[in-house]
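Here's the structure we're looking at; comments come further down.
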Amino acid sequence: MSEPYKVTYATLTADNEDLHTAYEAGVGVAKSWLGAEISAPGDPAPGDPVEVFSPADPSVLVARVRAASPGAVDAAVEAARAAGRDWAATPWQERLPVLRDVADLISERANELAALMTIEVGKNRLEALGDVEEAAVFFRYYCEQVEKNGGFEAAMEQLSDTETTRSVLRPHGVWGVISPFNFPMALAAGPAAAALVAGNSVVLKPSVQGTHVAWKLYETMLEAGLPEGLMQILPGGDDVGKAVVAHPGIDGLTFTGSYAGGRAVMDAFRGDYPRPVITEMGGKNPTIVTASADLDAAAKGITRSIAGASGQKCSACSRVYVDASVHDELVQTLGKAVSEVVVGDPLERATFCGPVIDAQAVERFRAAVEHAREAGGTVVAGGEVLQGAEGHPGYFVQPTLISGLPADDELFSTELFVPLAVVAPVDSLDEALERANDTVFGLTAGLFAGEQDEIDRFLAQIEAGVVYVNRPAGATTGAWPGVQPFGGWKGSGSSGKAGGGLHYVQLFMREQSQTIVSG
């Protein structure tokens with residue numbers, strides 16, 4: 001165990017020496033975990049081991065993951081249902097202390113969990129620490145929401161003196177969670193926490209790259225005192241995910257991943273009656289910069305949202321629309337900022353941009369840059385694959401800014417999940433808003449402007465679930481539970497409600513009207 005250190009949102013700063021000391025102690029613990037073999041608990045016939053290597057250094061074996069067998073999927077759902085009956089019958093006042101203990105233990109282990117995340121998926125230390133603490137905050141925040149709302153029980157109006165009615169939100173039963181690699185703690189813990197707070201049991205199927213982190217989350221939850229059987233984990237790839245989606249014993253489902261993947265899950269999650277499915281999908285997130293904007297602040301915020309997590313956030317900024325009168329100045333300022341991003345070993349303190357996740361991501365990056373050049377674009381900053389260069393043994397690419405492409409070029413519409421953005425001039429805020437909204441996606445969006453009228457028009461017309469104005473900490477990225485509810489419109493989300501917000505935990509329950517006549 002690393003030295004105790006309280007990680008909070010406020011402590012996640014690059015100049016916090018205590019934070020760095022504690023994280024570096026956690027690296028040693030995380031390294032002692034490497035090479036573990038992971039399979040579904042009690043699985044008598046798991047699949048052959050799939051080796052998961054670090055994207056920063058593919059010679060580092062993170063884990064051997066064995067896919068859950070069909071029998072293990074059935075057993076997990078059955079065990080979750082059995083445990084879930086008692087959990088659902090437990091008063092919410094008794095459930096919440098257990099889940100708050102889970103949050104506290106996650107926070108206590110933040111340094112080693114974050115270090116493992118850095119090794120397994122390549123996030124820099126601040127991003128990884130934030131991911132872990134966000135997982136803990138999800139538990140605390142959803143507990144708070146249930147508490148503030150009295151367990152979502154409310155007396156209704158009466159039609160007679162002898163009749164009383166109340167509205168009660170009750171759990172669905174067994175809730176499936178399919179989580180992605182890019183937030184292997186937060187996007188597993190977030191929906192799992194909401195489901196558990198609501199009184200459901202959970203079956204978690206994590207991304208293969210990210211399984212070790214998810215497994216440590218699972219272990220931590222059990223060690224914190226979560227009742228046996230209530231949380232199940234099913235390692236494996238697409239076949240296991242499809243088995244979870246197809247299983248008739250899954251009463252509700254959350255999927256976080258690509259637009260195509262989410263649509264496929266929505267189509268496949270069928271049964272004898274409609275079941276709730278929450279799909280949290282991708283984005284092609286724009287930032288608009290007007291002539292009245294602070295260009296230095298814009299450059300800083302856009303750069304952080306291009307390069308953070310190596311562009312592998314569904315909220316990453318990948319499109320910039322800037323007023324033509326300041327286009328050249330912004331491109332120059334932004335290009336300089338992007339070119340100064342430190343790319344390297346994510347375990348190192350100075351690194352901001354680590355590797356992309358795998359060789360396929362490198363090829364998507366390479367193809368996008370080649371396309372831009374062939375289409376007449378200018379690579380303002382970056383554009384190079386660093387994989388194999390000195391100090392970059394893994395899947396490293398340079399954060400990249402491209403200008404000079406037609407505004408209808410495919411790079412303005414295709415989600416790439418790499419640290420690359422395209423910039424184009426516009427003649428007005430109206431044109432910028434039209435282009436920003438001209439996409440199937442609607443996750444995040446940013447604006448830099450100095451005029452209140454411009455801000456008001458942006459907020460009234462932008463089609464996105466999470467929007468930021470004049471935010472140098474991240475033009476389109478950086479939501480936090482209880483601060484910025486995170487959820488997408490249009491093809492970026494199916495529920496219309498946002499994680500970490502006021503209306504999310506209710507998605508994991510269904511309403512029952514209870515009328516009692518007496519006398």
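- Atom CG of Asp74 sits in a crowded spot, with more than 12 heavy atoms from other residues, nucleotides or ligands closer than 6.0 Å.
- The CD1 atom of Ile462 sits 4.5 Å away from the CG atom of Asn437 when rounded to the nearest 0.5 Å.
- The shortest distance between side-chain heavy atoms of Pro286 and Phe412 does not fall below 4.5 Å.
- Relative orientation of the Tyr218 and Trp215 rings is tilted, given thresholds of 30° and 60° on the angle between their planes.
- Within the structure, side chain to side chain donor-acceptor pair (under 3.5 Å) pairs that include any residue of residues 475-484 comprise Ser305-Thr477 (at least two apart or interchain).
- Under the 3.5 Å distance criterion, with hydrogens and angles disregarded, no donor-acceptor pair is assigned to the side chains of Thr444 and Ser315.
- Rounding to the nearest 0.5 Å places CD1 of Ile357 at 4.0 Å from CD of Gln209.
- Contact check for Ser201 versus Arg81: no side-chain heavy atoms found under the 4.5 Å cut-off.
- The shortest side-chain heavy-atom distance between Val213 and Pro206 does not fall under the 4.5 Å cut-off.
- Formation of a donor-acceptor pair under 3.5 Å by the Asn182 side chain with backbone atoms of Ala309 is not found in this model.
- Considering every non-hydrogen atom in both Pro235 and Val240, the closest pair reads O-CG2, 3.6 Å.
- When every heavy atom of Gly249 is checked against every heavy atom of Val174, the shortest pair comes out as O-CB, 3.6 Å.
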- Query: How far apart are the C-alpha atoms of Arg275 and Tyr273, what are their side-chain angles, what is the distance that settles it, and do they pass the side-chain contact (heavy atoms from CB on, under 4.5 Å) test?
  - Reply: CA-CA 6 Å; Arg275 294 176 290 173; Tyr273 50 83; 3.9 Å; yes
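- Counting heavy-atom neighbours within 6.0 Å of Lys490 NZ, excluding the residue itself, gives a total above 12.
- Under the 4.5 Å side-chain criterion, counting only non-hydrogen atoms from C-beta, Pro276 is in contact with Trp175.
- Ionic pairing of Glu24 and Arg349 is not present here: no N-O contact between side-chain nitrogen and carboxylate oxygen is shorter than 4.0 angstrom.
- One distance of note links CD of Gln398 with NE2 of His392; it measures 8.5 Å at 0.5 Å rounding.
- In this structure, the separation between OG1 on Thr287 and CD1 on Ile306 is 8.0 Å, given to the nearest 0.5 Å.
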- Yes or no on side-chain contact (heavy atoms from CB on, under 4.5 Å) for Arg66 and Asp43, after CA distance, side-chain angles and deciding distance? CA-CA 10 Å; Arg66 304 188 69 179; Asp43 191 346; over 6 Å; no
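- The pair Glu127-Lys313 meets the salt-bridge criterion, with a side-chain N (NZ, NE, NH1 or NH2) lying under 4.0 Å from an Asp/Glu carboxylate O.
- Electrostatic pairing of Glu223 and Arg109 counts as a salt bridge here, judged by a charged N lying under 4.0 Å from a carboxylate O.
- Counting heavy atoms from C-beta outward, Gln312 and Phe181 have side chains that approach closer than 4.5 Å.
- For the pair Glu120 (side chain) and His212 (backbone), a donor-acceptor distance under 3.5 Å is present.
- The distance from the CG atom of Leu129 to the CG atom of Leu19 is 5.0 Å, given to the nearest 0.5 Å.
- Residue Leu204 comes nearest to Ser179 through the heavy atom pair CD1-OG, 3.7 Å, listed as atom of the first residue, atom of the second, then distance.
- Between Phe365 and Val385, the shortest heavy-atom distance links the atoms CD2-CG2, 3.9 Å.
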- Task: Applying side-chain hydrogen bond (donor to acceptor under 3.5 Å, both in side chains), run through Thr351 and Asn124 and close with a yes or a no.
- Result: CA-CA 7 Å; Thr351 295; Asn124 73 37; over 6 Å; no
- Item | Verdict with supporting geometry, Val483 and Tyr9, side-chain contact (heavy atoms from CB on, under 4.5 Å) | CA-CA 11 Å; Val483 181; Tyr9 185 82; over 6 Å; no
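- In this structure, Ser492 contributes its side chain and Gly442 its backbone to a donor-acceptor pair below 3.5 Å.
- Going from atom CG of Asp131 over to atom CG of Leu126 covers 12.5 Å, rounded to the nearest 0.5 Å.
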- Query: Does the side-chain hydrogen bond (donor to acceptor under 3.5 Å, both in side chains) test come out yes or no for Thr8 and Glu133, once each step is laid out?
  - Reply: CA-CA 7 Å; Thr8 67; Glu133 183 57 16; over 6 Å; no
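- The environment of CG in Asp267 is crowded: more than 12 heavy-atom neighbours from other residues, nucleotides or ligands sit within 6.0 Å.
- Closest non-hydrogen pair, Leu443 versus Cys314, comes out as CD2-O, 3.2 Å.
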- Chi angles and distances behind the side-chain contact (heavy atoms from CB on, under 4.5 Å) call for Met221, Leu196: CA-CA 11 Å; Met221 293 171 71; Leu196 290 166; 3.5 Å; yes
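- The backbone N or O of Lys284 sits nowhere less than 3.5 Å from a side-chain atom of Ser318 that would complete a donor-acceptor pair.
- Atom CD of Glu37 sits in a crowded spot, with more than 12 heavy atoms from other residues, nucleotides or ligands closer than 6.0 Å.
- The closest side-chain heavy-atom distance from Ser310 to Phe396 is not below 4.5 Å.
- A donor-acceptor pair is defined here as one N or O able to donate and one able to accept, closer than 3.5 Å; such a pair exists between the side chain of Arg304 and the backbone of Ala473.
- In this structure, the side chains of Gln145 and Leu502 come closer than 4.5 Å at one or more pairs of heavy atoms.
- Put simply, the side chain of His172 never gets that close to the backbone of Gly252: no donor and acceptor are under 3.5 Å apart.
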- Task: Carefully, step by step, assess Glu363 and Arg366 under the rule salt bridge (Lys or Arg N to Asp or Glu O under 4.0 Å).
- Result: CA-CA 5 Å; Glu363 287 309 308; Arg366 193 194 312 271; 3.1 Å; yes
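- In this structure, Asn200 contributes its side chain and Gly173 its backbone to a donor-acceptor pair below 3.5 Å.
- Phe183 carries Lys123 over the face of its six-membered ring, with the cationic atom under 6.0 Å from the centre and within 45° of the normal.
- Between the side chain of Ser413 and the main chain of Glu410, a donor-acceptor pair closer than 3.5 Å is present.
- Ala40 and Leu234 get closest at one heavy-atom pair: CB-CD2, 4.1 Å.
- Between the side chain of Tyr141 and the backbone N or O of Ala136 there is no donor-acceptor pair closer than 3.5 Å.
- His247 has its side chain out of reach of Val203: every pair of non-hydrogen atoms, C-beta onward, lies at least 4.5 Å apart.
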